[in-house]
Amino acid sequence: GGEDGECVFEVEHVLNLALPPGATPDDTVLELSVVNAKKKVLGTYCVNLDDVAGMPGMTKSWPRYGRMRFSFSNRPSQTASIAIAAEVTVTWLGLTLVPHDQVKTEFERLVTREPPRVKELTPGVLRHGSQMSMTSMMSCATGADINLAEKLDWLNHMFEYIWPKMMNLIRTTLENPDGRVNQKLQAKMPRFLKRLRFSRFVLGRKSPEFELRQVREAPRRLGQEGMEGVELHLDFKLDSRGSSDSHIEIFTGIFGKKIGVASFMISGELVVRLEPLLEEMPVVGGVVICCLTRPRVDMQFSGMAAQLVDKGLEGSLRSLIDWGISSCLVMPNVLGFAIGRESQGVDRALLRQPKLLGVLRITVLQGKVWHEHETWYRKLFRLACCGRCASRMLLRLTVADEPYSFEDVLRVDESAIGVDDEEDSVEHQPSHDFLVYDERQHLEIDIIDKCGLETVLASAEPLDIEDAAKMSEKVISLDPPAEDDSGNRAHLRRARRRAGEVKLQCQLLLAKFSTRGRDEWSMIRVKVDELYMPAALLVPDQVEDQHLLLGLGASVIARVGNTEKATPWAKYYPRNEKVDTPLMGPTKTIAELKRSSGEQLELEVEFVLYLPVRREDLENEVLYVDLKSKTKGHVGSVSVPLAEALKRPDLKLVHDENNKLKIPNPDGFDSELMIIVSIMGLEPARTR
């Protein structure tokens, strides 16, 4: 089934054709024909193999957005508007004669673990690359006791081959002005650096290395009982330091100036989750890739930028850029890929968002900070002039990619001049709830300067969620940073170095479905599936090249009270009118969309949002669902009373394909949304 009445056939086959000896690409033509069941030729396409041999890797592809279009030999007049197209890849492979007495040696060389030798292909020469270690694979199968790292030799070798393709994907993602990395960077920057982004991101040819840490069961998901998968925990490292072919530039937005990056390195723990597991092909329903904790990023700047970033700005700009990259890789930011079909129980929204474990509620009981090298008479002078309030300093707590800063909770320690420490207790004791997806996630505690680039003045050792609960109401020490997150020497000036202590109350609350819970707060789970949106709300009045390159998009915003959460942009990529693509392409051109402005386009949002609400307000609170177009802005809104979900036995309100939620538009271009709204209660976790 396809769009606009087209028929799609999944051929999925490989044909190998032997050419006569002495044949060369420049005098050989490949003819492809489409025939019906009666072997009647419906269309043909000729490929000049000289064009194939001139492509990188001697491979030419006709992908989804540029399919091979077949021509009709005798087209009937009534079929003038019909087109036949196919996604095809043609590769020229040379052959090398191996003498009989060298066959065994050649075969042994193929199955050894020597690094692959990448070189240019030439006609008549077959490239031989090393494959995965056969010894390692056999050892795993027989259960022999070998090093876990050795078992992943095959993965490291495989990545050496696919890394060039992945580099292009990474480059496209990080150079996208609307990408998540650039958006996070700009959100953390002061006003004069709000346009800062990666303008060029080309990594070196050295591929990442992996080492197996452990294998464990994946967490259970509601609606997928009995289909739980497995998790592979890997240590990874991508090191482009010293690579001559890496090229990274950061656009500052100040007079068009750019900052050059001399080297880049990232390392951490990667989780590869295979779920759900099916009892039919393809067995593995999907793959999820993420990091439990923020990976370590090391980015060295070049030229005068290194002096400015490290010494002039005390490394603060580097820390913000490192945070922008690493926070996009940590849970709940995941890469989810569906392999199976939805009819098999593979829910794409659950692949793109991890299961919520619960909430970590942190209350600040006490905060104290002091200058590491300040003399007693300087303290006395400052106390007389400024008092004990550390007005420029904030206590920042971070779980995953969610930082939260507390104001007016830090007091300057003056015990050296006779001021009582009891005054260090926080009067109003503010608190904040952090969403937790795994108990192995980290809590980071920092004292920062709220002016400028949020320079870290002191920090504590990261605590995982379980240890944070154990440290509840205990003193946690903070020391001036000896090095930054990347292991680089800290450039904080001596006069700015601080130390301190905090006392936090940490409580882990578990999220439970189909209950209001016993805590004063509950959670609203909003699972967004497909969005059906009129073309008029997506197409801009003035079309620019960026609309064709970056696509049109829409986002669903859920709002309860003062809390608002938004899904990532769901994209629709119009077909470029200037490119020779088949009429039966998967998407329409801008001109076609304008002619059919009322036609609803399907956008795959597939995301889950969580919003807190007081339990006592559930009966009267309203969930507002807003629709935002990337080109038109706010284009619709609808209200959903939470009382409707409370009436259901499972506290779940479902708007599926037979009962879509209608989002009205003032101009009459209404949209429809498949959405599930669930009530989740919060229960205190049992202490171990």
Inset, instruction - State, yes or no, whether a side-chain contact exists between Val622 and Val560 at a heavy-atom distance under 4.5 Å. - result: no

Legend entry - Candidates Val625, Asp626, Thr567 - the one meeting side-chain contact (heavy atoms from CB on, under 4.5 Å) with Ile557: Asp626

Legend entry - Heavy atoms from other residues, nucleotides or ligands near NZ of Lys194 exceed 12 (cutoff 6.0 Å): yes

Inset, instruction - Mind listing the closest non-hydrogen atom pair of Ile663 and Ser637 along with its distance? - result: CG2-N, 3.5 Å

Legend entry - Sequence-distant partners of Glu175, side-chain hydrogen bond (donor to acceptor under 3.5 Å, both in side chains), two or more places apart: Arg171

Inset, instruction - Report yes if the side chains of Ile524 and Val677 come closer than 4.5 Å at any heavy-atom pair, otherwise no. - result: yes

Inset, instruction - Test the Arg352-Phe607 pair against the cation-pi criterion, namely NZ or CZ under 6.0 angstrom from the six-membered ring centroid and within 45° of the ring axis. - result: no

Inset, instruction - Decide if atom NZ of Lys527 counts as having more than 12 heavy atoms of other residues, nucleotides or ligands within a radius under 6.0 Å. - result: yes

Legend entry - Minimum-distance pair of heavy atoms, taken over all atoms of Pro177 and Gln183: O-NE2, 3.1 Å

Legend entry - Inter-residue atom distance Lys660.NZ - Glu530.CD, 0.5 Å rounding: 9.0 Å

Inset, instruction - Kindly determine whether Asp401 and Asn333 satisfy side chain to side chain donor-acceptor pair (under 3.5 Å), including the steps that lead there. - result: CA-CA 8 Å; Asp401 66 339; Asn333 302 295; 2.9 Å; yes

Legend entry - Side-chain heavy atoms of Phe406 within contact of Leu394, under 4.5 Å: no

Legend entry - Pairs where residues 323-343 contributes a residue and the test salt bridge (Lys or Arg N to Asp or Glu O under 4.0 Å) is met, not counting sequence neighbours: Glu342-Arg348

Inset, instruction - Please tell me if the side chains of Leu443 and Thr398 come closer than 4.5 Å, counting only heavy atoms from C-beta onward. - result: no

Inset, instruction - With the side chain counted from C-beta on, respond yes when Lys571 and Lys630 share a heavy-atom pair under 4.5 Å apart, and no when they do not. - result: yes

Legend entry - Any side-chain heavy-atom pair of Ser678 and Leu651 under 4.5 Å: no

Legend entry - Heavy-atom side-chain contact between Leu357 and Glu439 under 4.5 Å: yes

Legend entry - Greater than 12 external heavy atoms within 6.0 Å of Lys512's NZ: no

